[in-house]
Amino acid sequence: NTNRFADNETACRYILSLFPYLVQLFLTAPAPEAILPAWFSELLEKMERRENYITGLPCLLALANMSQEHLTRSFRRYIGMTPTEYINGKRLSLAAQLLLQGDMPVIEICGACGFNSLSRFYRLFTERYGCAPKAFRTQFAHAQPGKFAYIFIIIVLPFDFLKRID
């Protein structure tokens, strides 16, 4: 039995890198009682591929092969958000993961996640996580395992939800 991680800090960083993905699964998962049409389930499965959500709405529309209006109504009906909100959520989760995994410059992360505007990326990231990308990296990249629960809450719950429960 070999130890996969050299130390606790490495293990903690690995676990933290998984949070954005798990958050996205949580935020986009339909309610258990909701019955999704097969075409919608297949579409969401295709949108799990990084290249599809980075490409954005044009890719989503091409994969869905339907009008944007119908697709928007379906997204709101089945998962409670617009296609753009869904795509941005996936992109922001990837950005959080990249921020925690290394020292890639924020502007490169912005482009790698499919955002064309740095200011829009900063605004959306701050809305979701409650701080700017660079502050997020500074605050959480070297987190001690004792801060695990706090980090989980920050990553799992969008910031606007936290404001509502204060």
Criterion side chain to side chain contact (heavy atoms under 4.5 Å, CB included) on Cys59 and Lys46, from CA distance to verdict = CA-CA 10 Å; Cys59 182; Lys46 290 175 186 175; over 6 Å; no
key: Distance (rounded to the nearest 0.5 Å) between Ser67 OG and Arg73 CZ   = 6.0 Å
key: Leu61, CG: over 12 other non-hydrogen atoms inside 6.0 angstrom   = yes
query = Would you say Pro105 and Glu108 make side-chain contact, with heavy atoms under 4.5 Å?
reply = yes
request  = Drop me the distance from Phe75's CZ to Glu85's CD, to the nearest 0.5 angstrom.
outcome  = 10.5 Å
ask   = How about Gln68 and Leu57: do any of their side-chain heavy atoms sit closer than 4.5 Å?
value = yes
query = Given the rule in the side chain to side chain contact (heavy atoms under 4.5 Å, CB included) test, do Glu48 and Lys90 qualify, once you have shown the distances and angles that lead to the verdict?
reply = CA-CA 8 Å; Glu48 287 298 315; Lys90 297 200 77 53; 3.1 Å; yes
task = Would you please test Ile79 and Phe40 for side chain to side chain contact (heavy atoms under 4.5 Å, CB included) and show each step?
result = CA-CA 10 Å; Ile79 61 173; Phe40 196 78; 4.0 Å; yes
query = Would you say Tyr78 and Leu44 make side-chain contact, with heavy atoms under 4.5 Å?
reply = no
key: Criterion side chain to side chain contact (heavy atoms under 4.5 Å, CB included) on Leu43 and Leu71, from CA distance to verdict   = CA-CA 11 Å; Leu43 179 61; Leu71 190 62; 3.7 Å; yes
query = Between CD of Gln97 and CD of Gln101, what distance do you get to the nearest 0.5 Å?
reply = 4.5 Å
ask   = Is the shortest side-chain N to carboxylate O distance from Arg123 to Glu127 below 4.0 Å?
value = yes
query = Is any side-chain heavy atom of Leu92 less than 4.5 Å from a side-chain heavy atom of Phe115?
reply = yes
inquiry  = For a quick check under 3.5 Å, do Thr84 and Thr82 share a side-chain donor-acceptor pair by atom type?
reply    = no
message = Is any side-chain heavy atom of Tyr122 closer than 4.5 Å to one of Ser117?
response = no
request  = State yes or no: are the ring centers of Tyr86 and Tyr53 separated by less than 6.0 Å?
outcome  = no
request  = Supply the atom-to-atom distance Met81 CE to Ile87 CD1, rounded to the nearest 0.5 angstrom.
outcome  = 11.0 Å
message = In the structure I gave you, are the side-chain heavy atoms of Thr72 and Pro83 within less than 4.5 Å of one another anywhere?
response = yes
Rounded distance [0.5 Å steps], CD in Gln139 versus CG in Leu100 = 11.0 Å
note = Shortest non-hydrogen pair, Phe121 vs Ala95, comes out as CE1-CB, 3.6 Å
key: Side-chain (Arg137) to main-chain (Gly102) donor-acceptor, under 3.5 angstrom   = yes
key: Close side-chain approach of Tyr129 and Leu99, heavy atoms under 4.5 Å   = no
ask   = How about Leu60 and Thr55: do any of their side-chain heavy atoms sit closer than 4.5 Å?
value = no
query = When rounded to the nearest 0.5 angstrom, what distance separates CG in Leu124 from CZ in Arg91?
reply = 9.5 Å
